[in-house]
Novice: 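The structure follows.
Just so we're clear, the structure is a prediction, and the values are computed from it rather than from any experiment.
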Amino acid sequence: MAEAGWILSWATLLQALVFAGILFHPGWTERKANRILLALMLVFAIEKADQIFLASGAVLDHPQFAMTGNLFGALIAPLTYFHIRCRINPAARLGWRQFWAFLPFGLLMVYAIATYHRLDVEAQRALFVTGDILTPANTLIIPLIGDAVSLGFLGAAILALRQHDIRVRNWFSTIENRTLSGVRTVLALMLVIIAIHFAWTVTGNSGVGILLGIGHFLMINALALGALTAPRDTGDAAAANMSAPQREQTTDQIELLSRAQTLLSADGLYRDADLTIARLARRLGVAQRTLSEAINTGAGVNFHAFVNAARIEAAKTALTSEPDRSILDIAYDCGFNSKSTFNEAFRKLTGQTPSQYRQT
């Protein structure tokens, strides 16, 4: 192993162990997503320890411990997927039916036992001495199958995140802190790692291998920092993962939608930056799903857009009636958390920035 690769492997190993130690604290393991992440950090540590073990030459003295990293590496994609699922929905239940995701790991274990671990120590050592361990199956076929499996888990995670985005817009009036941008970073890194691993498998270039190590280092950081800085789970987080069925609009829904619009505008409820559909439904005396259906079918938008429309109408009035008032003050007063978010929402609905609207 080149010196840079050696240092990178050690740094990644120590990094994974440090984060695993932090996540092992009872205050963090109460979250299901963090328990899965703890297991993932240990898997990364095992994989990096195996790389160091192979590069150090110690494999010839203890060949019975070889191939461990490749085996446990098959757990990275499914554990990452389940960690993201639980970040998206803390109430997600993981039962025996989800164990299908670990089938590739099981098949790889059977293959490793049949072709390597069942051999005695001398036979294992001979495979490394002669280079017979570098079969097409070990160096090309299995790694490429692993990349395909990882892509499948990546696609499933992206689909779950998109569904989450839709539900969040149906449930919350302010979504800036609920879009899970950290999860998007992890998914982007995962895609890059799969591409680099594919290139490394096909070319065998050591420089590409170092890029792969950098990718693992960055992914561990993104996973850990995203989990450690995530807000505590709330009932609203679980509620956001309940989707209301779509139906044709009824008379009751039209009346409910009118009441909701009146409550938002006349009573100034739009000013609440943390307004949720659950809170608005309680004020209206109806079920959350009933209100969600009325907004989706009656207004043709999600809850986030529905509330923003009321906020923008109030902002338009303030911009013209109070010309000396700052735009930022109007934005905050209308329920927006930042000027950039206000500008984006205002332009989307009016085709102008707040400054341009004020000048017209």
Novice: Closest approach of Ser265 and Tyr270, non-hydrogen atoms and distance?
Specialist: O-CE2, 3.9 Å
Novice: Check whether His117 reaches the backbone of Ala112 with its side chain - one donor and one acceptor, N or O, closer than 3.5 Å.
Specialist: no
Novice: Quick check: do His164 and Asn89 have side-chain heavy atoms less than 4.5 Å from each other?
Specialist: no
Novice: Quick one: sort the Phe105 and Phe72 rings into parallel, tilted or perpendicular, breaks at 30° and 60°.
Specialist: tilted
Novice: Does any donor atom in the side chain of Asn138 or Tyr111 lie under 3.5 Å from an acceptor atom in the other side chain?
Specialist: yes
Novice: Applying ring-ring contact (aromatic ring centres under 6.0 Å, His included), name anything that partners Phe99, two or more places apart in sequence or on another chain.
Specialist: Trp96, Phe102
Novice: Does a salt bridge link Arg279 with Asp274, judged by any charged N lying under 4.0 Å from a carboxylate O?
Specialist: no
Novice: So Trp200 and His197, would you call those rings parallel, tilted or perpendicular, with 30° and 60° as cut-offs?
Specialist: perpendicular
Novice: Please tell me whether Leu264 and Val301 are part of a single hydrophobic cluster in this structure, the criterion being side-chain heavy atoms less than 4.5 Å apart.
Specialist: yes
Novice: Please identify each residue that fulfils salt bridge (Lys or Arg N to Asp or Glu O under 4.0 Å) with Arg282, with sequence neighbours left out.
Specialist: none
Novice: Any donor and acceptor pair, going by atom type alone, linking the side chain of Asp132 with main-chain N or O of Leu127 inside 3.5 Å?
Specialist: no
Novice: Output yes when a side-chain donor or acceptor of Ser9 lies under 3.5 Å from a complementary backbone atom of Trp6, and no otherwise.
Specialist: no
Novice: Quick one about Ser340 and Ser338 (side-chain donor to acceptor, distance below 3.5 Å, no hydrogens or angles considered), yes or no?
Specialist: yes
Novice: Going through the distances and angles, do Phe342 and Asn337 end up as a side-chain contact (heavy atoms from CB on, under 4.5 Å)?
Specialist: CA-CA 8 Å; Phe342 173 54; Asn337 285 330; over 6 Å; no
Novice: Out of curiosity, does Ile145 fall in the hydrophobic cluster containing Leu154 (side-chain heavy atoms, cut-off under 4.5 Å, transitive links)?
Specialist: yes
Novice: Indicate the ring-plane relationship of Phe153 and Tyr81, choosing parallel, tilted or perpendicular according to the 30° and 60° boundaries.
Specialist: tilted
Novice: Mind checking side chain to side chain contact (heavy atoms under 4.5 Å, CB included) for Ser326 and listing every partner two or more places apart, or none if nothing turns up?
Specialist: Leu328, Asp329
Novice: Can you get from Ile46 to Phe19 by hopping between Ile, Leu, Val, Met, Phe, Trp and Tyr side chains that sit under 4.5 Å apart?
Specialist: yes
